[in-house]
Amino acid sequence: MSTWRKAQELAAAQGIDALLVTPGADLRYLTGYVALPLERLTCLVLPSAGDPTLVVPALENKAAVASGVDVAIATWNETDDPYALVADLVGPATTIGLDDHMWASRVFALGAAIPGADQVLAGSLVQELRIRKDADEVEALRQAGLAIDRVHRRVHEWIRPGRTEREVGADIARAIIDEGHVTVDFVIVGSGPNGASPHHEVSDRVIQAGDPVVVDIGGTMPSGYCSDSTRNYLAGGTVPAEYAEAYAVLHEAQRVQREHARPGVTAESVDRIGRQIIADAGYGDLFIHRTGHGIGQETHEEPYIVEGNELLLEEGMAFSIEPGIYFDGRFGARIEDIAVCTADGLEVLNNTPRELVEL
Ligand code: ZN
Ligand code: ZN
Ligand code: ZN
């Protein structure tokens with residue numbers, strides 16, 4: 001069944017008369033159309049019964065057709081009112097579901113064009129579908145994992161004392177494309193003290209001998225599915241003793257989390273079991289973020305692996321396991337794999353060595 005049909009069934013069950021979805025990951029998931037978020041309105045009109053229509057500006061018709069969408073397309077010309085067209089397609093309605101990432105200006109314009117209807121957020125409805133990956137999606141994530149692993153296997157060629165993080169990052173970005181991605185989504189090269197900032201990207205800092213370097217990288221494959229993996233490198237010299245001790249604890253915590261995660265356990269329990277090991281070793285205050293995030297056509301989506309998320313993991317749920325320990329002003333370490341729940345266990349999609357890679 002096409003994904004839009006599944007969304008249509010959910011919408012009907014929830015009493016939503018129509019879903020309106022503008023460019024973004026939900027539109028891509030429902031139709032396969034990767035539309036740019038431009039000022040002219042593109043919007044999928046998906047009624048809870050009957051056929052959907054993709055409303056596109058006339059000048060983007062060819063792009064929409066070329067993307068192979070399996071729904072009818074209605075175009076609007078430069079001086080037409082696209083909101084009136086959407087309202088026409090929706091017809092009489094009492095509840096309209098809007099995608100979570102719709103621009104506020106569009107939310108208001110749609111409210112004015114369809115004045116009788118309540119607007120509700122429909123992001124969670126689409127997430128209900130996106131959170132469980134089918135076999136094709138798992139295979140796409142598997143290929144993404146293999147591609148980013150190939151990049152990590154080459155990182156040793158580029159990290160060395162005397163080079164800047166930015167230079168290393170540029171080499172990594174090229175390799176992300178060379179190894180099969182169509183876009184570079186992020187390149188984090190956190191050397192020495194910059195490794196203690198989990199979302200540091202790159203800087204002009206010159207890598208020093210003995211620096212631990214956090215390398216967290218990801219891109220999007222032609223399939224639309226994303227990769228994301230973190231490994232840690234030592235740029236020559238000797239490992240700082242305190243770093244080595246913390247790294248051993250982190251390595252063990254991440255291993256235990258991988259052993260624990262499976263269908264039937266809660267998302268928060270995966271976080272908790274690793275956090276306990278890190279806290280018992282005295283580093284609890286230095287693990288400053290959740291354990292992980294879901295991944296699919298977006299790098300960060302549900303399920304979030306975090307305290308308070310009592311969601312029971314199920315077959316097909318894909319997420320990162322990425323505990324970290326951060327010594328402010330000195331260095332940091334994070335080990336990150338993407339994994340997907342199988343029927344009775346966990347398939348880990350990143351499999352380069354997790355030990356500190358000493359160069
Ligand atoms: Zn992150
Ligand atoms: Zn991640
Ligand atoms: Zn990452």
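Every number for a ligand or one of its atoms is a count from 1 in the order of the listing. Below, all heavy atoms of this structure are taken into account, side chains as well, without hydrogens, waters or symmetry copies.
Seen from the Zn ion (ligand 2), atom OE2 on Glu336 and atom OD2 on Asp228 lie at an angle near 80° (rounded to 10 degrees).
Applying side chain to side chain contact (heavy atoms under 4.5 Å, CB included) to Val215 and the options Ile188, Thr230, Ile159, Val151 leaves one that passes, Ile159.
Remark: Asp280 CG is packed, more than 12 non-hydrogen atoms of other residues, nucleotides or ligands lying under 6.0 Å away.
If you check the side chains of Thr291 and Gln257, you find a donor sitting under 3.5 Å from an acceptor.
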ask   = Checking side-chain hydrogen bond (donor to acceptor under 3.5 Å, both in side chains) for the pair Ser191/Glu165: CA distance, chi angles, key distance, verdict?
value = CA-CA 7 Å; Ser191 67; Glu165 292 174 352; 2.6 Å; yes

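When distances from the Zn ion (ligand 2) to the N, O or S atoms of Glu322 are compared, OE2 comes out shortest. As for Asp216, its N/O/S atom nearest the Zn ion (ligand 3) is the one called OD1.
Using a cut-off of 2.8 Å, one finds that His293 contributes an N/O/S atom close to the Zn ion (ligand 2).
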